[in-house]
Amino acid sequence: MSEERRAANFIEEFIDEDLASGRYDHVRTRFPPEPNGFLHIGHAKALCIDFGIAEKYGGKCNLRFDDTNPTKEDAVFVENIQNDIEWLGFSWDELHFASDFFEKLYEIACGLIRKGVAYVDDQTSEEMRKNRGTLTRPGVNSPYRDRSVEENLDLFRRMRDGEFPDGSRVLRAKIDMASPNVLMRDPTLYRILRCHHHRTGDNWCIYPMYDFQHPLQDAIEGITHSLCSLEYEIHRPLYDWVVREAGFEHPPRQIEFARLNLTRTVMSKRHLRRFVEEGVVAGWDDPRMPTLAAMRRRGYSAAAVKDFLGRVGVAKADSTVDLALLEHCVREDLGGRAPRAMAVLRPLKVTLSNWPEGFVDEIAMENHPDHPEMGERTLHMGNVLYIDREDFMEEPPKKFFRLAPGREVRLKGAYIIRCEEVIHDENGEVAELVCSVDMDSRSGSEGRQPQGQGHAALVERAGRPPLRDAPL
RNA sequence: UGGGGCGUGGCCAAGCGGUAAGGCACGAGACUUUGACUCUCGCACUCGCAGGUUCGACCCCUGCCGCCCCAGCCA
């Protein structure tokens with residue numbers, strides 16, 4: 001680490017501090033998704049931070065699946081998540097699954113019970129909720145809070161052995177029911193849940209909660225900096241409590257940053273999942289989704305996505321980034337190297353009145369204006385073509401330089417045409433245009449540019465080739 | 001009315017006591033057979049508000065105001 005290197009954000013400042021103070025002599029981060037859906041652009045931000053920080057400090061980043069809630073998870077998601085990470089160009093050091101550590105976590109839980117800082121609670125979830133108090137009122141201790149270590153150990157073992165029905169008991173941390181931080185009011189560590197797990201099958205009927213599993217897993221993996229989003233800030237005291245009570249020597253340091261929000265974009269996995277399940281979209285990779293799979297399908301490159309995330313920055317203020325920035329990054333990336341194609345989104349029929357009968361011209365169209373090596377394609381032009389309705393106005397305002405009654409425009413790569421007649425349908429809508437074509441104005445020919453309006457017109461836009469190569 | 005965070009231009013975001021970076025968006029102009037791209041110029045006398053400390057504050061202190069998160073046997 002060079003001394004002159006300046007921290008690029010507050011996370012790096014913390015890490016620099018830790019390295020300078022000797023708290024750590026290396027950096028190891030982790031990206032910890034729950035395999036319950038596809039990764040979206042918001043996850044990509046966290047991913048870039050996790051992997052990016054490790055890379056910057058010459059450290060390592062692990063990929064870990066926090067698969068502790070089998071009711072929502074599936075193996076297809078773990079496979080897809082790995083694909084997405086690789087697509088972005090990141091390589092994880094170690095690959096872990098929380099489920100591979102269930103036995104270890106169980107042992108640690110027993111250790112907590114022996115220390116007298118965890119107990120089995122028989123209250124119903126309703127009773128627990130009621131006794132937890134409110135934001136402004138402290139909670140009250142569970143009547144089962146002072147069970148003996150032996151009884152707790154026995155009960156917890158029997159929970160694991162499947163002697164009790166789902167939801168009948170939980171293992172809780174014994175902290176402080178009067179804590180102003182509600183999360184510290186004896187949080188649940190384990191719950192009984194009979195559900196087939198995509199990796200451990202039916203081996204377990206008790207599953208650890210995030211607040212217990214996550215910090216321990218970080219500690220077990222030797223993570224130095226556990227980076228996560230702002231909503232976990234209030235979990236940090238509990239995170240530290242768990243790691244400390246479990247006796248880890250070098251506790252990881254949790255640092256929180258603001259998650260990504262984008263204008264006009266639904267980023268909640270809960271809603272995205274609903275869209276998929278209810279068929280609102282065709283799938284997780286439906287082009288309308290904010291998932292990496294969808295963006296890839298739309299032609300966004302990993303470089304563009306990472307460039308965007310880099311420009312967004314890392315901070316703690318809640319924010320909503322303008323979608324225009326993402327689009328700018330994608331255009332900038334694609335603009336210089338993507339082959340061009342023309343399309344008409346809202347077609348308006350144009351008939352050329354003086355086009356030679358039966359003549360079909362072959363128009364050579366460059367695939368990229370700045371890259372002749374990308375070659376060209378051939379479009380076929382006849383007496384009928386389609387332009388976008390946006391490129392015609394019957395009563396053009398001053399700054400409109402495209403087609404209008406009596407005006408000329410050049411069809412990109414082809415001829416100059418003049419609007420001679422506007423045909424309306426029964427509703428008075430413009431239905432078709434009759435234009436004359438200047439057969440001497442073929443692209444490449446000398447000189448003439450459309451006069452009067454001053455500019456050659458862009459008549460082609462996106463969907464369908466305006467110079468069609470097949471009858472529409 | 002509890003606790004934890006955050007407030008710099010339309011949207012992000014630098015700034016760490018010495019007199020407001022950068023990007024996106026937007027506006028004006030140049031160029032253009034993609035009105036794209038590119039290029040040039042413009043865009044916070046001011047940093048949520050009000051006091052205070054200081055020669056000097058966005059950066060320090062005090063008090064307000066606003067927004068976000070937390071009462072899952074989700075992560």
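Letters A, B, ... mirror the listed sequences (proteins, then strands); counts begin at 1. Values in this document were obtained by computation on a predicted structure and should not be read as measured data.
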### Query
Tell me, which pairs form a side-chain hydrogen bond (donor to acceptor under 3.5 Å, both in side chains) where one or both residues lie in residues 307-326 of chain A, sequence neighbours left out?
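The answer is A:E233-A:K316, A:D307-A:R311, A:R311-A:E332.
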### Task
Could you name each residue pair satisfying ring-ring contact (aromatic ring centres under 6.0 Å, His included) that touches residues 156-182 of chain A, not counting sequence neighbours?
A:Y106-A:F156, A:F156-A:Y190
### Query
Where are the stems of RNA chain B, defined as at least 3 consecutive Watson-Crick or wobble G-U pairs with both distances under 3.5 Å?
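Counting only runs of 3 or more consecutive pairs, the stems involving RNA chain B are B:2-7 with B:65-70, B:10-12 with B:22-24, B:26-30 with B:38-42, B:48-52 with B:60-64.
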### Message
The criterion is side chain to side chain donor-acceptor pair (under 3.5 Å); which residues satisfy it with A:D18, sequence neighbours excluded?
### Response
A:R253
### Task
Take atom C1' in B:G23 and the same atom in B:A57, then report the distance between them in whole Å.
27 Å
### Task
For A:Q123 and A:S142, test the side chains for any donor-to-acceptor distance below 3.5 angstrom and give the result as yes or no.
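Yes.
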Aromatic ring proximity, centroids under 6.0 angstrom, [Y] and [X]:
| X | Y | value |
| --- | --- | --- |
| A:H235 | A:Y239 | no |
| A:Y210 | A:Y232 | yes |
| A:F101 | A:H96 | yes |

### Task
Report, as a single string ordered 5' to 3', how protein heavy atoms within less than 4.0 Å touch nucleotides 7-14 of chain B: B base, S sugar-phosphate only, - not at all.
S---SSSS
### Residue pairs, two or more places apart or on separate chains, that pass salt bridge (charged side-chain N to carboxylate O under 4.0 Å, His left out) and touch residues 66-77 of chain A
A:R64-A:D66
Respond yes when some side-chain nitrogen or oxygen of [X] is under 4.0 Å from OP1 or OP2 of [N], and no when none is.
| X | N | value |
| --- | --- | --- |
| A:S125 | B:C73 | no |
| A:R172 | B:C73 | no |
| A:R191 | B:A75 | yes |
| A:R236 | B:C70 | no |
| A:R340 | B:C37 | no |

### Task
Please say whether more than 12 non-hydrogen atoms of neighbouring residues, nucleotides or ligands are located less than 6.0 Å from CD in A:E277.
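Buried by this count: over 12 neighbours within 6.0 Å.
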#### Entry: Residue whose nearest RNA chain B nucleotide is more 5′ - A:T136 or A:E73
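Going by which nucleotide is closer to the 5' end, it is A:T136.
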#### Entry: Donor-acceptor pair (no angle test) under 3.5 Å: A:E13 side chain, B:C16 base
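For A:E13, whose side chain was compared with the base of B:C16, there is a donor-acceptor pair (under 3.5 Å).
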### Task
Can you tell me the distance, in whole Å, between the CD1 atom of A:I175 and the C1' atom of B:G3?
15 Å
